[in-house]
Visitor: 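The structure is given below, and queries will be raised subsequently.
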Amino acid sequence: MSLSSVLFSEAKKFIPGGVNSPVRSFSGVGGTPVYFDHAQGAYVFDSENKRYIDYVGSWGPMILGHAHPEVIAAVIQSAEKGLSFGAPTAIETQMAAKICALLPSIELVRMVNSGTEATMSALRLARGYTGRDKIVKFEGCYHGHSDSLLVKAGSGALTLGVPSSPGVPAALAAETITLSYNDIDAVRQTFAELGEQIACIIVEPVAGNMNCIPPEPGFLVSLREVCDQYGSVLIFDEVMTGFRVDLHGAQGLYGITPDLTTLGKVIGGGMPVGAFGGKRAIMEYLAPLGPVYQAGTLSGNPVAMAAGLATLELISVPGFYVELTAKTSRLLHGLQLAADAAGIGFTSNQVGGMFGLFFTDQTPVSRFSQVLACDQERFKRFFHAMLGQGIYLAPSAFEAGFVSQAHSDADIAATISAAATVFQQI
Ligand code: PLP
């Protein structure tokens with residue numbers, strides 16, 4: 001029995017399903033989750049010190065790789081001054097100024113502790129600001145686990161087969177209108193019928209929770225137009241894409257200005273951080289300036305801000321995203337050649353340092369229905385065989401993968417070589 005199996009059995013005695021976030025349990029791929037002990041650069045090491053090349057990166061935050069010395073130093077320095085004061089600190093303003101500078105659509109920003117909190121709060125703000133209750137989201141997108149957003153959701157909810165969770169009041173779920181990603185006609189039709197009642201559209205500008213689906217040309221700009229026409233708030237959920245696909249987010253990459261943006265993952269550098277921000281007129285509706293309430297004991301925590309700010313500084317260097325994008329492309333190109341050589345129906349999507357792998361003969365994969373139609377059983381075999389070769393991919397066919405600055409050319413080559421072996425077996 002592996003040490004991970006022993007640790008998992010013990011965990012299940014005290015923690016529901018043995019995990020503090022469901023998709024970690026490997027329920028999407030079967031088997032026992034790997035228990036990690038430490039990580040460095042592009043590698044995670046399990047409790048028996050086996051090394052894996054990591055393409056999960058803690059589900060996105062570790063864009064610099066693990067335990068970057070400057071991030072760790074910033075955390076230690078901050079922790080030595082005290083962990084939390086529950087009062088304003090100068091570093092919160094530095095963080096806010098940095099976010100506003102990198103994402104010009106954000107005039108004011110509020111820090112929270114997770115992506116879920118960010119989207120939940122942005123939604124309340126959009127509803128408070130517009131005086132409307134209905135929201136529009138897209139099937140297969142995941143925006144965290146608050147009630148309004150856990151309707152036809154992606155990510156772990158989809159992996160576990162509960163995209164619409166019991167426990168969400170039916171009356172609240174009825175206010176969530178779920179449409180098909182990349183289907184602008186459905187959006188226009190819905191707004192033609194109900195536009196005056198719709199507070200906001202919330203969208204992942206690159207969908208990363210149904211694997212990785214880029215927006216089709218014109219999709220995001222049409223969302224902008226529809227929101228302008230009906231006075232609805234356009235929320236870009238950039239919890240995953242923010243500082244992952246480009247230094248200026250998906251909004252910078254595609255040249256669209258949302259009204260509100262939600263952030264998480266990279267802005268915490270591995271610490272629990274989220275943020276939401278946007279147009280001054282909307283953000284001023286928040287307490288203490290306005291009537292919409294939102295708060296947090298640990299929001300803007302100085303240690304978390306130190307990790308996040310150090311990360312944002314390090315990714316702001318010229319050429320960072322050019323290199324990250326090129327490296328990710330090399331990985332995907334190599335995987336495609338290896339799959340073709342083995343005669344496996346395979347394709348991939350990529351935006352910046354974010355990618356998706358699909359076992360299918362259809363290309364491109366741009367709709368949720370296509371993702372569902374991929375060969376999930378082959379993905380499971382691929383996942384486990386790659387794990388055996390020391391490559392750690394997301395344990396679900398509905399999650400994006402991530403490359404970090406720390407992945408070397410040798411890591412990319414080793415991953416392609418492992419896949420060439422694995423493709424012959426699956
Ligand atoms: N929004 C998006 C796009 C996400 O990918 C996630 C998490 O994966 C969330 C929101 C929720 O963030 P958190 O898990 O930090 O609550």
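First listed ligand is number 1; within each ligand, the first listed atom is number 1. Here, residue 1 is the first one in the sequence, and each next residue gets the next number.
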Visitor: Just verifying a value: how many Å separate Glu238 CD and Leu260 CG, rounded to the nearest 0.5 Å?
Guide: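 Output value for this atom pair is 12.5 Å.
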
Visitor: Please list the nearest protein heavy atom to atom 1 (N) of ligand 1 with its residue and the distance rounded to 0.1 Å.
Guide: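 Among all protein heavy atoms, the one nearest atom 1 (N) of ligand 1 is Asp237 OD2, 2.6 Å.
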
Visitor: Show which atoms of ligand 1 fall inside a sub-4.0 Å distance from at least one heavy-atom site of Glu204.
Guide: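 So the answer, numbered in order with elements, is 3 (C).
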
Visitor: Select the closest option to atom 6 (C) of ligand 1 among Val203, Val239, Asn113, Thr262, judged by heavy-atom distance.
Guide: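 Looking at heavy atoms only, the winner is Val239.
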
Visitor: Is the Phe359 ring parallel, tilted or perpendicular to the Phe379 ring (thresholds 30°, 60°)?
Guide: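 Correct class here is tilted.
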
Visitor: Numbering the atoms of ligand 1 from 1, which are under 4.0 Å from a heavy atom of Ser114?
Guide: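 Near Ser114, the atoms of ligand 1 are 15 (O), 16 (O).
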
Visitor: Check each of Glu117, Glu92, Gln294 against Arg110 using the side-chain hydrogen bond (donor to acceptor under 3.5 Å, both in side chains) test, and report the only one that passes.
Guide: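 The residue from Glu117, Glu92, Gln294 that satisfies side-chain hydrogen bond (donor to acceptor under 3.5 Å, both in side chains) with Arg110 turns out to be Gln294.
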
Visitor: At less than 4.0 angstrom from any non-hydrogen atom of Gly144, what atoms of ligand 1 do you find?
Guide: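 Counting atoms of ligand 1 from 1, those under 4.0 Å from Gly144 are 9 (C), 10 (C), 11 (C).
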
Visitor: Return the closest protein heavy atom for atom 13 (P) of ligand 1 as residue, atom name and distance.
Guide: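 Of the protein heavy atoms, Gly115 N, 3.5 Å lies nearest.
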
Visitor: Hey, is Asp259 close enough to Arg224 for a salt bridge, meaning N to O under 4.0 Å?
Guide: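 Looking at Asp259 and Arg224, the cut-off is met.
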
Visitor: Backbone, side chain, both or neither: what part of Glu238 comes under 4.0 angstrom of ligand 1, heavy atoms only?
Guide: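 Neither part.
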
Visitor: Can a salt bridge be assigned to the pair Arg188 and Glu225 using a cut-off of 4.0 Å between side-chain N and carboxylate O?
Guide: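 Result for this pair is yes, salt bridge flagged.
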
Visitor: Does Glu117 reach ligand 1, in the sense of a heavy atom lying below 4.0 Å from it?
Guide: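 No, that is not the case, since the closest heavy atom of the residue is not under 4.0 Å from the ligand.
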
Visitor: Looking only at protein heavy atoms, identify the closest one to atom 7 (C) of ligand 1 and say how far it is in Å.
Guide: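 Residue, atom and distance for the closest contact: Lys265 NZ, 3.4 Å.
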
Visitor: Going by the atom numbers of ligand 1, which of them fall below 4.0 Å from some non-hydrogen atom of Asn209?
Guide: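 That gives atoms 2 (C), 3 (C), 4 (C), 5 (O) of ligand 1.
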
Visitor: Using a strict 4.0 Å threshold on nitrogen-to-oxygen distance, state whether Glu216 and Arg367 make a salt bridge.
Guide: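 Yes, charged N to carboxylate O under 4.0 Å.
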
Visitor: Applying a heavy-atom cut-off of 4.0 Å, say which part of Trp59 lies close to ligand 1: side chain, backbone, both or neither.
Guide: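 Neither part.
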
Visitor: Look at the rings of Phe346 and Phe382 and say which category their plane angle falls in: under 30° parallel, 30 to 60° tilted, over 60° perpendicular.
Guide: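 Because their plane-to-plane angle lies in the 30° to 60° range, the rings of Phe346 and Phe382 count as tilted.
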
Visitor: For atom 14 (O) of ligand 1, find the nearest protein heavy atom and state the residue, atom name and distance (0.1 Å precision).
Guide: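 Sorting protein heavy atoms by distance from atom 14 (O) of ligand 1 puts Thr116 OG1, 4.5 Å first.
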
Visitor: Testing Glu175, Lys137, His143, Arg127 for side-chain hydrogen bond (donor to acceptor under 3.5 Å, both in side chains) with Ser148, which one passes?
Guide: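 Result for side-chain hydrogen bond (donor to acceptor under 3.5 Å, both in side chains) with Ser148: Arg127.
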
